[in-house]
Amino acid sequence: MLLGRYLHLHKGRERNPGSVLDRSAYILLSRVRREGPMSIGQLGEAFGLDASTLNRQTAAAVRAGLVERIPDPEGGMARKFRITEEGARQLERERARIIAGLDRVMADWPEADIAAFADFLRRFNSGIERIHGLPWPRPQASIPPA
């Protein structure tokens with residue numbers, strides 16, 4: 001609860017209102033960047049969300065210039081969403097802001113505690129994914145969770 005409260009209370013103070021990525025846009029962009037172009041159906045399977053919710057989220061992301069609709073690169077019938085350069089730029093900016101916030105919170109933590117926390121958080125997230133059957137793709141390199 002404290003993490004969610006901290007993020008909610010401080011998001012307006014540290015962000016430029018013209019470049020705010022809301023939570024749904026951040027998650028959408030992260031997944032499309034990691035997986036490549038995805039259709040509404042694929043996004044629905046990945047997130048466990050219905051098509052109407054994803055249609056609203058993707059329409060907002062298209063209007064903001066964060067993703068674009070393209071024909072399926074593999075020749076399928078469904079159109080897919082691909083992250084734009086602006087979407088990638090905003091995603092990286094937001095990720096850097098999140099990491100900077102975590103760095104501030106853990107500024108006086110020993111490296112071993114940070115590593116242990118990251119490991120526990122990774123295990124916790126994996127447990128949730130296992131229960132719900134919705135795994136999140138992760139890069140092979142060891143990077144802090146976003």
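All values below come from the heavy atoms of this structure, side chains included, with hydrogens, waters and symmetry mates left out.
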Undergrad: Do the non-hydrogen side-chain atoms of Arg95 and Ile99 ever get within less than 4.5 Å of each other?
TA: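 Touching, per the 4.5 Å side-chain cut-off.
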Undergrad: Minimum heavy-atom separation for Thr58 to Ile40, with atom names?
TA: OG1-CD1, 3.7 Å
Undergrad: If the condition is ring-ring contact (aromatic ring centres under 6.0 Å, His included), which residues does Phe117 pass it with, not counting sequence neighbours?
TA: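 Phe117: ring-ring contact (aromatic ring centres under 6.0 Å, His included) contacts with Trp109.
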Undergrad: Working to the nearest 0.5 Å, report the span between CG of Leu54 and CE of Met38.
TA: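 Rounded to the nearest 0.5 Å, the CG-CE separation comes to 9.5 Å.
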Undergrad: Could you tell me if the side chain of Arg79 sits less than 4.5 Å from the side chain of Ser39, heavy atoms only?
TA: no
Undergrad: Between Pro37 and Arg82, which heavy-atom pair has the shortest distance, and what is it?
TA: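 Shortest heavy-atom contact: CG-CB, 4.3 Å.
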Undergrad: Determine the minimum heavy-atom distance between Ser24 and Asp22, stating which atoms define it.
TA: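 Distance-wise, the nearest heavy atoms are OG-OD1, 3.0 Å.
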Undergrad: For a 4.5 angstrom cut-off between non-hydrogen side-chain atoms, does Asn125 reach Arg122?
TA: no
Undergrad: Measuring from atom CD of Glu85 to atom CD1 of Ile83, what distance do you get when rounded to the nearest 0.5 angstrom?
TA: 10.5 Å
Undergrad: Nearest 0.5 Å, please: how far is CG in Asp108 from CG in Asp113?
TA: 9.5 Å
Undergrad: So Leu66 and Leu91, do their side chains get closer than 4.5 Å, heavy atoms only?
TA: no
Undergrad: So if you build clusters from Ile, Leu, Val, Met, Phe, Trp, Tyr with side-chain heavy-atom gaps below 4.5 Å, do Ile70 and Leu29 land together?
TA: no
Undergrad: Shortest non-hydrogen contact from Gln57 to Leu28?
TA: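 Scanning both residues, the minimum pair turns out to be O-CD2, 4.4 Å.
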Undergrad: Would Glu94 and Gln90 count as having a side-chain donor-acceptor pair, cut-off 3.5 Å?
TA: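 Gln90 and Glu94 do not have a side-chain donor-acceptor pair below 3.5 Å.
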Undergrad: Should Leu49 and Phe81 be counted in the same cluster of Ile, Leu, Val, Met, Phe, Trp and Tyr side chains packed under 4.5 Å apart?
TA: yes
Undergrad: Kindly give the heavy-atom pair with the smallest separation between Gly65 and Thr84, and that separation in Å.
TA: O-OG1, 2.5 Å
Undergrad: Same cluster for Phe124 and Ile114 if Ile/Leu/Val/Met/Phe/Trp/Tyr side chains link at under 4.5 Å?
TA: no
Undergrad: Can you check whether Tyr26 reaches Ile98 side chain to side chain, under 4.5 Å on heavy atoms?
TA: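 Side-chain contact under 4.5 Å: yes.
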